[in-house]
A.B. asks: 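The structure is given below, and queries will be raised subsequently.
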Amino acid sequence: MFRQASGLLARSFLSSSRSWVRPFSTDLPAAPTADSSFAEAWKKVVPNIEPPKTPIAFVNPRPPTPSSIPSKLTVNFVLPYASELSTKEVDMVIIPATTGQMGVLPGHVATIAELKPGVLSVHEGNEVTKYFISSGFAFIHANSYADVVAIEAVPIDQIDPSLVQKGLAEFTQKLSSASTDLEKAEAQIGVYVHSALNSALTG
Amino acid sequence: MAMAAVRREGRRLAPLISPQSITAVRPSVISQEQAPLGLRSISTQIVRNRMKSVKNIQKITKAMKMVAASKLRAIQVRAENSRGLWQPFTALLGDTPSVDVKKNVIVTISSDKGLCGGINSTSVKISKALKKLTAGPDKETKYVVLGEKAKAQLIRDSKKDIELSITELQKNPLNYTQVSVLADDILKNVEYDALRIVFNKFQSVVSFLPTVATVLSPEAVEKEAESGGKLGELDSYEIEGGETKSEVLQNLGEFQFSCVLFNAVLENACSEQGARMSAMDSSSRNAGDMLDRLTLTYNRTRQASITTELIEIISGASALEG
């Protein structure tokens, strides 16, 4: 009987979850601006099953474009296994775009930038934090929000210079002895990343 | 009672009654409550065997619940950390589940192992409903199936619509490299205008929400951007890097797919462990209830046979006296 009661509780929780989503540590309550046309189209075709949720119900809402340039840039730096920085207010970030190092200040024009392996530096007041990132993407929105999505990132001080030199030598040697196109491409990528690491440590 | 009377008569009529007839009557009496002398141990034996097996089941399901709980704890941390990964893409490109395109590909994520409640059936139900929703003249919808359970269910009626099926995803702990290779495989082999990823989002240990995440191909993105609406602002973004805008958009689309897929796979794995935990919990509670009922039956059977034995002895003794 107790089990049935807990089952009823769970079911009533689920049915009311549309109007009241239990706050979870990383999610905000469901925004009512969920895509209503999808839900309506769903109900017409499949009336007995509840429509599934869509990601828009789980995003943290963002402020609209302000009329004046804000003083700080809000940065979200995410990796697959962690959110390094989430909504951190900084003065400037320098991102390693494929076209070169790009400085981003508050009020930067909206941009989609592809990133190459290089150094990302975050400037907050007087302190500068540098990360070496593998490639990824950076989106700069008109409301001075910057999203940097990368696959791997390490703080510069955790990189071992001797290992970098060793890797660079190894991949240069592989590049010269590569026979197939695939091997050549792999070795080239290795050389590229290691020389970027090298310049990150020295520069 | 009848059997006891027969046996009492049997002592006087032993030379007349053949042994086979007595043994023939025995099996029919086993199921009755009032088992006479000699048959008591057989019927309680049966109940005792059932009790032993139910107790073992209870232990096994309790252990499975503990295992699922510990696996859930480990993977929940990683799923929560990966939640930030898809948010930048939704912030940039919005979410367009009601987009109208010609080629839809539904990526259904499910588990390989069973005993996890109803989450796989829910995913398959939603996938089939999505197929109905996106069907129409001149449109086609295909499936890409991840996981054994959805494959088994979908292969029954939509065998020709399954483009690709991948199993044994969780043999090694999930990591981004594996998922990106998988995403690359899917993107290379499947033609699509819109990819819809169906998975169970982990909200809490008792609640899993079926969710659909939509990823558009670069051409579909261009089309939607031109027609205005949510993606209309996309043109206002400057493109840095790459030679052409379409190349960057293509890389963006592929990157978005692998990020969203990574988060979806982790969330589904979390939901699987949570559902298994609650399924095993209710199963062990069920087994406990069954054990209680069997214990009562066992005791009743035992006491009834003792009573019968006493009655026989006493009536035999009183018969001798009087």
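In what follows, chains carry the letters A, B, and so on, assigned in the order in which the sequence lines appear, proteins first and then strands, with residues in each chain numbered from 1. Small disclaimer: the values here were computed from a predicted structure and weren't measured.
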A.B. asks: I want to check something: taking the side chain as every heavy atom from C-beta on, are F255(B) and I151(A) in contact at a cut-off of under 4.5 Å?
C.D. replies: yes
A.B. asks: Against chain A, label L252(B) side chain, backbone, both or neither, depending on which of its atoms sit under 4.5 Å from a heavy atom there.
C.D. replies: both
A.B. asks: Please find the pair of heavy atoms, one from R62(A) and one from A91(B), that lie closest to each other, and give the distance.
C.D. replies: NH1-CB, 3.5 Å
A.B. asks: Once rounded to the nearest 0.5 Å, what's the spacing between atom CG of L92(B) and atom CD1 of I140(A)?
C.D. replies: 11.0 Å
A.B. asks: Can you confirm whether T214(B) sits close enough to T54(A) that some side-chain heavy atom of one is under 4.5 Å from a side-chain heavy atom of the other?
C.D. replies: no
A.B. asks: Would you please test Q87(B) and V78(A) for side-chain contact (heavy atoms from CB on, under 4.5 Å) and show each step?
C.D. replies: CA-CA 9 Å; Q87(B) 297 216 1; V78(A) 284; over 6 Å; no
A.B. asks: Pick whichever of I239(B), N251(B), T90(B), V260(B) has the most heavy-atom pairs under 4.5 Å with chain A.
C.D. replies: N251(B)
A.B. asks: Is there a side-chain contact (heavy atoms from CB on, under 4.5 Å) between W42(A) and I126(B) once you walk through the steps?
C.D. replies: CA-CA 10 Å; W42(A) 179 277; I126(B) 302 270; 3.9 Å; yes
A.B. asks: Mind checking whether E238(B) and I112(A) have side chains closer than 4.5 Å, heavy atoms only?
C.D. replies: no
A.B. asks: Can you confirm whether D157(B) is buried at CG, in the sense that more than 12 heavy atoms of other residues, nucleotides or ligands lie under 6.0 Å from that atom?
C.D. replies: yes
A.B. asks: Between Y237(B) and V109(A), is any pair of side-chain heavy atoms under 4.5 Å apart?
C.D. replies: no
A.B. asks: Which answer fits S86(A), side chain, backbone, both or neither, if we ask what part of it has an atom under 4.5 Å from a heavy atom of chain B?
C.D. replies: neither
A.B. asks: Which residue is it: T177(B), L85(B), N81(B)? I am looking for the one with a side-chain contact (heavy atoms from CB on, under 4.5 Å) to P80(A).
C.D. replies: L85(B)
A.B. asks: Any heavy-atom pair between the side chains of N76(A) and P88(B) that's under 4.5 Å?
C.D. replies: no
A.B. asks: For the atom pair CD (E152(A)) and OH (Y176(B)), what is the distance rounded to the nearest 0.5 Å?
C.D. replies: 10.5 Å
A.B. asks: Has K62(B) got more than 12 heavy atoms of other residues, nucleotides or ligands less than 6.0 Å from its NZ?
C.D. replies: no
A.B. asks: Look up atom CD in E114(A) and atom CG in L249(B), then write down how far apart they are to the nearest 0.5 Å.
C.D. replies: 10.0 Å
A.B. asks: Can Y81(A) and F262(B) be said to form a side-chain contact (heavy atoms from CB on, under 4.5 Å), step by step?
C.D. replies: CA-CA 10 Å; Y81(A) 50 85; F262(B) 181 62; 5.9 Å; no
A.B. asks: For K245(B), does the NZ atom have more than 12 heavy-atom neighbours from other residues, nucleotides or ligands under 6.0 Å away?
C.D. replies: yes
A.B. asks: I need the minimum non-hydrogen distance between V212(B) and P55(A), along with the two atoms involved.
C.D. replies: O-CD, 3.2 Å
A.B. asks: So what's closer than 4.5 Å to chain A heavy atoms on L130(B): side chain, backbone, both or neither?
C.D. replies: both
A.B. asks: Counting heavy atoms not belonging to K102(B), are there more than 12 under 6.0 Å from its NZ?
C.D. replies: no
A.B. asks: Among L79(A), D147(A), T99(A), T111(A), single out the residue with the greatest number of heavy-atom pairs under 4.5 Å to chain B.
C.D. replies: T111(A)
A.B. asks: R83(B) versus F58(A): any side-chain heavy-atom pair under 4.5 Å?
C.D. replies: no
A.B. asks: Measure V46(A) against the heavy atoms of chain B and call it side chain, backbone, both or neither at under 4.5 Å.
C.D. replies: side chain
A.B. asks: More than 12 heavy atoms of other residues, nucleotides or ligands under 6.0 Å from NZ of K72(A): yes or no?
C.D. replies: yes
A.B. asks: Looking at CG of N200(B) and NZ of K53(A), how far apart are the two atoms once the value is rounded to the nearest 0.5 Å?
C.D. replies: 12.5 Å
A.B. asks: Around I69(A), counting heavy atoms of other residues, nucleotides and ligands shown, do more than 12 lie under 6.0 Å from its CD1?
C.D. replies: no
A.B. asks: Can we call the ring centroids of F139(A) and F89(B) under 6.0 Å apart?
C.D. replies: yes
